[in-house]
Amino acid sequence: MKETFLERPEVQKLGAQKVAILQELAEKAKGKQPMELLELLQTYGEKLTGGNAIAPAERTALLAAMEESLEKEEKAQFQNAIKMLKIMGKL
């Protein structure tokens with residue numbers, strides 16, 4: 001059986017509370033358009049950090065949660081949006 005992102009060691013290191021937040025995010029992200037996903041990303045980023053700067057491990061887990069919830073075509077759009085944010089220095 002394929003390991004889900006929530007079972008990955010780097011995600012488990014975040015702790016049970018943050019894993020629960022990521023699981024909730026993955027569920028809410030299903031069927032959303034890329035711009036809606038970015039809004040969810042911002043909201044859940046704040047939940048993960050309590051409003052503080054997001055740690056690289058948390059950011060990686062957050063992006064994995066969102067990406068895993070998408071269908072193949074949506075994943076490509078999401079990956080392109082993430083690339084654009086990185087180029088713009090916003091991620």
Side-chain angles (χ1 to χ4, degrees):
M1 186 170 164
K2 183 183 170 197
E3 176 183 58
T4 68
F5 79 95
L6 291 171
E7 297 169 329
R8 294 179 190 155
E10 63 271 20
V11 174
Q12 290 297 312
K13 284 187 210 176
L14 298 175
Q17 183 179 10
K18 290 183 179 183
V19 170
I21 291 170
L22 291 170
Q23 189 170 19
E24 180 182 326
L25 167 62
E27 289 299 315
K28 287 191 177 189
K30 290 180 181 175
K32 301 284 191 234
Q33 295 296 315
M35 291 309 294
E36 293 172 306
L37 291 174
L38 294 176
E39 290 174 18
L40 279 174
L41 181 61
Q42 182 177 4
T43 300
Y44 279 85
E46 291 171 5
K47 282 186 176 186
L48 275 174
T49 64
N52 299 318
I54 190 165
E58 292 170 331
R59 181 176 54 238
T60 299
L62 189 59
L63 293 173
M66 300 208 50
E67 190 172 328
E68 188 159 302
S69 70
L70 302 173
E71 298 297 324
K72 185 178 179 180
E73 183 178 302
E74 294 170 326
K75 279 185 185 185
Q77 291 176 343
F78 181 71
Q79 289 168 347
N80 288 335
I82 296 302
K83 285 178 189 174
M84 287 177 29
L85 287 172
K86 286 180 179 179
I87 289 169
M88 294 167 47
K90 296 190 180 219
L91 188 66

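This is a predicted model, so every value here is computed, not measured. Computed from heavy atoms alone, side chains included, the values below leave out hydrogens, waters and symmetry copies.
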Quick check with a 6.0 Å cut-off and a 45 degree axis cone: is K75 positioned over the face of F78's six-membered ring?
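Checked: cation-pi criterion not met.
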More than 12 heavy atoms of other residues, nucleotides or ligands under 6.0 Å from CD of Q77: is that the case?
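Yes - once you tally the heavy atoms of other residues, nucleotides and ligands closer than 6.0 Å, there are more than 12.
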Identify the heavy atoms of L40 and K28 that sit nearest to each other, and give their distance.
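Closest approach of L40 to K28: CD1-O, 3.7 Å.
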